[in-house]
Undergrad: 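Sharing a structure below in C-alpha cells format, with a few things to ask.
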Number of protein chains: 2
Amino acid sequence: MSAKHAAPVSLSTILEKFRDKFPVSPEKWQEYTGQFQRIQVPAKTILLKEGEISRKAYLIEKGCLRVWFDNKGEEVTFQFFFENCTVSSIESFKKGTPSLFSLETIEPCTLWWIDKNDVDRLLEEVSEIPSMRNQIMNTLFERTLHYMQHFLSFVRDTPQERYENLLNHHPYLIQRVPQHYIASYLGISRVHLSRIKNKLARGK
Amino acid sequence: MSAKHAAPVSLSTILEKFRDKFPVSPEKWQEYTGQFQRIQVPAKTILLKEGEISRKAYLIEKGCLRVWFDNKGEEVTFQFFFENCTVSSIESFKKGTPSLFSLETIEPCTLWWIDKNDVDRLLEEVSEIPSMRNQIMNTLFERTLHYMQHFLSFVRDTPQERYENLLNHHPYLIQRVPQHYIASYLGISRVHLSRIKNKLARGK
DNA sequence: GTCAAACGATAACATTTGTTACCGAATTGA
DNA sequence: TCAATTCGGTAACAAATGTTATCGTTTGAC
C-alpha cells in the first residue's frame with residue numbers, strides 16, 4: 001500500500017518494539033506488519049461512532065484519543081489513549097456488537113490501523129505458540145486488572161483524591177487533555193474540577 | 001480424600017455441567033475433579049484475608065460470599081458470589097501478590113476448593129486444546145467486560161438507578177444479602193440506601 | 001485581523017449524599 | 001429465656017457536589 005511506503009521508518013520504529021515478542025519467521029513478520037495502514041487525521045475526528053460495529057484496531061504513533069459515550073445528552077469520557085497504545089472499542093471489535101462508545105481524536109493524530117479479519121487470522125496463528133498464548137492471556141488479564149483498579153478508585157477515593165492520583169501518575173494527561181474531558185473522566189462536573197484545582201493551588 | 005467420599009453426588013452434580021466443555025479422557029476428568037475438596041463453613045467465615053496470598057480457588061455449591069476491602073476503617077463490599085460460581089482473589093491467585101480483598105462467607109456455605117498448583121497444571125494441559133483455549137480466553141474476556149460494565153454503571157447511573165438495576169437483574173441478591181453490604185456495594189451509605197428504598201416504596 | 005466557538009474560572013444557589021444519633025425489631029448465643 | 005449484637009428505619013444537620021449563569025481568555029476558521 002502507498003501508506004506503507006509513505007513512512008516505513010515510522011512503522012518499523014513502532015512495531016520494532018514488539019518484534020522480539022513474536023517468535024515467527026521474518027516472512028510472517030513482514031506479512032503481519034504489512035497489514036497495517038497509516039493515516040493522519042485532525043483533532044476531533046470520530047473514528048468510530050457509538051452504535052456502529054468496530055472493524056478496525058488502531059495503533060497510535062502520535063497524538064491522543066478518548067473513548068466516550070452519550071449519557072442522557074452529555075458526553076462522558078471513559079478512557080484516554082496515548083502514543084504506542086492499541087485502541088479499539090474492545091467489546092464491539094471482539095464480538096461484532098454495536099459499540100457502546102465513540103472513539104475520537106483529541107489532537108491531530110498519526111495512526112496505524114489493521115482490519116479485524118487480519119487480527120483474527122493473526123491471533124489464530126500465533127496462539128499455536130505456547131509463549132505467545134501466554135502473552136495474550138497475560139495481556140487480557142492485565143486489562144481486566146486495569147479495569148478493576150480503575151473501578152476500585154471510584155469506590156475508594158474521593159474526586160479530589162482521584163484528581164491527585166492523576167496528577168501524580170499521569171501528569172502528561174493533565175497537560176494535554178482539555179479539562180472538561182478530565183472532569184467527566186473523574187466522574188464530576190467541570191465546575192467541581194475547577195474548585196478542586198483551586199483548592200489544591202491554595203495550600204491544599 | 002474423605003471429603004470426596006462424603007458427598008460424591010454433590011460434586012458430580014456441580015461439575016457435571018462442565019463435563020461437555022472438557023474434551024478430555026475420562027481418566028483426565030477423574031484426575032481433575034479429584035483435586036477438589038469439599039468443606040462446610042459457617043456464615044462470616046473469612047476464607048482469605050486482605051494482604052494474604054491466595055492459594056485456593058473456590059467453587060460454591062451452596063451459600064454466598066462477598067469480596068470486600070478495608071477503606072480507612074470501613075468495609076467496602078466489592079462483589080458478591082452465589083451458587084455455581086468460582087471465586088478467588090483473582091489478582092492474588094494469578095500473580096502471587098498480597099490480596100487487595102478479603103473473601104468472606106455471608107451465609108453458611110458448602111464449598112469445593114482446589115489448590116493453585118493443580119489449577120496451574122490443569123490450565124497448562126488444557127490450553128493445548130484449541131477449543132479449550134478459546135473458552136479460557138472468552139471467559140477472561142467476559143470477566144473483563146463484566147468489570148467494564150459494572151464500572152460503567154458507576155459512571156453513568158445514579159445510586160437510585162443502580163439499586164433499581166439490582167432489583168431488576170438480581171432480585172435474589174437483595175433478598176439474601178444484608179442491606180448494609182448492598183449499600184457499600186452501591187457506593188452509598190446505609191442511610192441513603194434506606195432513603196432510596198423508602199422513596200421507591202411510596203409511588204416513586 | 002476579526003468573529004465565533006471553545007475553554008476555564010468563579011459565584012450563588014439547589015440538590016444530593018454523608019454523618020451522627022436514636023429507636024425498635026430480629027437474630028444469636030449462652 | 002434473656003441479654004447482647006446485628007440490622008434497618010428515620011430525623012436533623014453538615015458536607016459534598018451539581019446547576020446555572022456570567023465573565024474573560026484562548027483558539028481556530030475565514
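Throughout, a chain's letter reflects where its sequence line sits, starting with A, and its residues are numbered from 1.
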Undergrad: Is there a side-chain contact between E75(B) and H180(B) in this structure, where contact means two heavy atoms from C-beta onward sitting under 4.5 Å apart?
TA: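 E75(B) does not reach H180(B) side chain to side chain.
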Undergrad: Please determine, for the side chain of I188(A), which listed nucleotide (dT19(C), dG8(C), dG18(D)) has the closest atom?
TA: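 The answer is dG18(D).
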Undergrad: Can you tell me how far P of dG8(C) sits from CD of Q179(A), to the nearest Å?
TA: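 Between P of dG8(C) and CD of Q179(A): 5 Å.
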Undergrad: Grab the CG-P distance between N198(A) and dT10(C) for me, whole Å please.
TA: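 To the nearest whole Å, that distance equals 5 Å.
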Undergrad: In terms of ring plane angle, is the pair F151(A) and F78(B) parallel, tilted or perpendicular, where the classes change at 30° and 60°?
TA: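 Ring orientation, 0 to 90° scale: tilted.
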Undergrad: Side chain of V191(A), heavy atoms from C-beta onward: which of dT20(D), dG8(D), dT17(C) has the nearest atom to it?
TA: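 Closest of the options to the side chain of V191(A): dT20(D).
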Undergrad: dC7(C) C1' sits how many Å from R176(A) CZ, rounded?
TA: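 Distance check: R176(A) CZ to dC7(C) C1' gives 18 Å.
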Undergrad: Using a cut-off of less than 4.0 Å, is there contact between a side-chain N or O of H180(B) and OP1 or OP2 of dT6(D)?
TA: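 Negative; the distance criterion is not met.
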Undergrad: Between dT17(C) atom C1' and F154(B) atom CZ, what is the distance in whole Å?
TA: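 In whole Å, dT17(C) C1' and F154(B) CZ are 14 Å from each other.
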Undergrad: May I ask you to decide if the ring planes of H150(B) and Y185(B) are parallel, tilted or perpendicular, using 30° and 60° as cut-offs?
TA: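 H150(B) vs Y185(B) ring planes: tilted.
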Undergrad: Taking the nucleotide of DNA chain D with the nearest heavy atom to each, does E74(A) or K44(B) sit closer to the 5' end?
TA: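 First, find each residue's nearest nucleotide; the 5'-ward one identifies K44(B).
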Undergrad: Please determine whether a side-chain nitrogen or oxygen atom of K197(A) lies at a distance below 4.0 Å from atom OP1 or OP2 of dG8(C).
TA: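 No.
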Undergrad: Measure the distance from CZ on R195(A) to P on dT20(D) and round it to the nearest whole Å.
TA: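 The distance from CZ of R195(A) to P of dT20(D) comes to 14 Å, rounded to the nearest Å.
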Undergrad: In whole angstroms, how far is the C1' atom of dT17(D) from the CD atom of Q160(A)?
TA: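 Roughly 13 Å, once rounded to whole Å.
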Undergrad: Send over the distance from L193(B) CG to dT17(C) P, rounded to a whole Å.
TA: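 Checked: the CG to P distance equals 12 Å.
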Undergrad: Would you classify R190(A) as touching base, sugar-phosphate or nothing, given that sugar-phosphate means primed atoms plus P, OP1 and OP2, and contacts are heavy atoms under 4.0 Å?
TA: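 Touches nothing.
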Undergrad: Would you call the rings of H170(B) and Y172(B) parallel, tilted or perpendicular, taking 30° and 60° as the class edges?
TA: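 Because their plane-to-plane angle is over 60°, the rings of H170(B) and Y172(B) count as perpendicular.
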Undergrad: Quick one: do E142(B) and K95(A) make a salt bridge, cutoff under 4.0 Å?
TA: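 Salt bridge flag = yes for K95(A) with E142(B).
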Undergrad: Using whole Å, report how far NE2 of H192(B) lies from C1' of dT15(C).
TA: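 Atom-to-atom, H192(B) to dT15(C), this comes out as 11 Å.
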